[in-house]
Structure formats: structure tokens, C-alpha cells
Amino acid sequence: MKTCRYCQQPAALLRVGDDGYPYQRDYGPTWVCVPCQAWVGCHPGTEKALGGLANAELRAAKQAAHAAFDPLWQRKIEKEGCTKGHARRAGYRWLSEQLGLPYKQTHIGYMSLEECRRVVEVCTRRNTTA
């Protein structure tokens with residue numbers, strides 16, 4: 001069970017057709033806090049959340065963080081011919097060092113608004129010097 005980071009109440013697991021389901025199409029189950037309009041999708045075929053519940057502002061910040069971060073590890077695949085998993089793990093290792101966070105706690109899906117903003121900042125700086 002997921003707990004809402006905003007109101008600390010339990011979130012509901014919703015599926016297509018349920019009241020409050022946030023997606024127009026079926027992306028699988030979604031953990032939702034309807035009063036806070038916070039939600040997070042699940043890994044395909046599971047009820048395991050992809051991260052923490054996020055309101056509209058945090059969802060936008062996570063999207064911006066991914067837009068800044070993902071090209072860095074994707075370039076590693078092009079340059080080195082490594083696997084997606086290897087490149088992504090290496091990218092998150094680098095990001096954990098840049099943010100001063102433990103590697104196991106460095107995942108955009110679980111980050112706060114401020115952490116997402118820092119991701120954009122360090123990745124943008126890296127993109128301009130690379």
C-alpha cells in the first residue's frame with residue numbers, strides 16, 4: 001500500500017473504469033490519492049509503483065528531470081555500445097555523486113520537487129560541457 005506524501009493518507013489502487021483513474025488510456029494500475037490529485041503508475045504487469053505519488057507540479061518536475069537526465073545515459077549507449085541497463089545504472093551512479101545522495105536513493109521516480117530541480121541543473125550543466 002502506498003501513502004500519500006501530501007496528506008499521509010493511504011492511496012487507492014485504481015484501474016481503468018474506476019472513478020478517479022487519471023489516464024485516458026489503460027497504462028495499468030495506478031496508485032492514486034484522489035483528494036490531493038497525486039498519483040503514480042505501476043511497473044508493467046504489477047502493482048509495484050514506479051516511484052512516489054506526485055501532484056501536478058511534481059509530475060512536471062519529474063518529466064523535466066528525465067528530459068535532462070535521460071539523454072546523458074542514452075549517449076553512453078551510442079558511444080560505448082553498452083546495454084540500456086548498464087548505461088542507465090552508470091548514469092544514476094554519476095547523478096548520485098552530483099547530488100550527494102546514496103546510489104540506492106537516487107531515482108527520479110522518488111525525488112522531491114527540489115531534487116528534481118537539482119537534476120535539471122546538474123544535467124544541463126553537464127550537457128553544456130560535454
Side-chain angles (χ1 to χ4, degrees):
M1 169 150 323
K2 296 293 290 174
T3 301
C4 179
R5 69 169 71 206
Y6 304 103
C7 70
Q8 306 308 309
Q9 296 300 307
L13 184 64
L14 300 180
R15 292 178 170 78
V16 171
D18 291 344
D19 288 338
Y21 187 78
Y23 297 115
Q24 296 296 324
R25 301 183 301 189
D26 180 16
Y27 286 99
T30 302
W31 291 99
V32 178
C33 178
V34 175
C36 295
Q37 287 297 291
W39 64 76
V40 62
C42 295
H43 287 274
T46 74
E47 294 179 357
K48 182 181 179 211
L50 289 163
L53 286 131
N55 64 12
E57 183 180 26
L58 182 53
R59 287 191 301 273
K62 288 179 182 188
Q63 289 170 351
H66 273 294
F69 173 66
D70 292 353
L72 296 177
W73 63 261
Q74 289 166 346
R75 274 200 300 272
K76 185 173 183 70
I77 296 170
E78 294 170 13
K79 288 170 106 174
E80 299 177 15
C82 59
T83 66
K84 176 182 175 182
H86 175 81
R88 195 164 180 260
R89 283 187 300 275
Y92 270 113
R93 262 189 247 97
W94 172 84
L95 188 59
S96 74
E97 292 168 9
Q98 300 303 305
L99 300 177
L101 296 172
Y103 172 73
K104 293 213 178 250
Q105 293 177 9
T106 306
H107 189 288
I108 292 170
Y110 291 100
M111 289 184 176
S112 67
L113 188 61
E114 183 55 36
E115 288 168 331
C116 287
R117 289 177 177 153
R118 289 179 56 214
V119 168
V120 172
E121 181 184 314
V122 299
C123 292
T124 301
R125 189 170 49 234
R126 174 71 176 148
N127 277 326
T128 60
T129 61

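Note that these values count all heavy atoms, side chains included, but never hydrogens, waters or copies made by symmetry. Keep in mind it's a predicted model, so treat the numbers as computed, not measured. One-based numbering along the sequence shown.
Taking hydrophobic clusters as Ile, Leu, Val, Met, Phe, Trp and Tyr residues chained together by side-chain heavy-atom distances below 4.5 Å, Tyr6 shares a cluster with Leu113. Residues Leu72 and Tyr103 fall within the same hydrophobic cluster, defined by Ile, Leu, Val, Met, Phe, Trp and Tyr side chains chained together at heavy-atom separations under 4.5 Å.
Between Arg15 and Glu47 there is a salt bridge, since at least one side-chain N of the basic residue sits less than 4.0 Å from a carboxylate O of the acidic one. For Arg118 and Glu114, the salt-bridge test fails: no basic side-chain N is under 4.0 Å from an acidic carboxylate O.
Contact annotation: the side chain of Tyr92 never approaches that of Trp73 to less than 4.5 Å [non-hydrogen atoms, C-beta and beyond]. Proximity of Tyr110 to Glu115: side-chain heavy atoms (C-beta onward) are nowhere separated by under 4.5 Å. Taking 4.5 Å as the limit, every side-chain heavy atom of Leu14 sits out of range of all side-chain heavy atoms of Trp39. Residues Met111 and Thr106 form a side-chain contact, since some pair of their non-hydrogen atoms from C-beta on lies under 4.5 Å apart.
A distance of 10.0 Å separates CD of Gln8 from SG of Cys33, quoted to the nearest 0.5 Å. Taking SG of Cys123 as the start and CG of Asp70 as the end, the distance is 9.0 Å to the nearest 0.5 Å. To the nearest 0.5 Å, atom CD1 of residue Ile108 and atom CG of residue Leu95 are 6.5 Å apart. To the nearest 0.5 Å, the span separating CD on Gln74 from NZ on Lys84 amounts to 8.0 Å. Rounding to the nearest 0.5 Å gives a distance of 10.0 Å between CD of Gln105 and OG of Ser96. If you take CG on Leu99 and CH2 on Trp94, they are separated by 8.0 Å, rounding to the nearest 0.5 Å.
Listed by chain and number, the residues in a salt bridge (Lys or Arg N to Asp or Glu O under 4.0 Å) with Arg117 are Glu57 (sequence neighbours excluded).
Applying the under-4.5 Å side-chain rule to Ile, Leu, Val, Met, Phe, Trp and Tyr, the cluster around Leu53 extends to Leu13, Trp31, Val40, Leu50.
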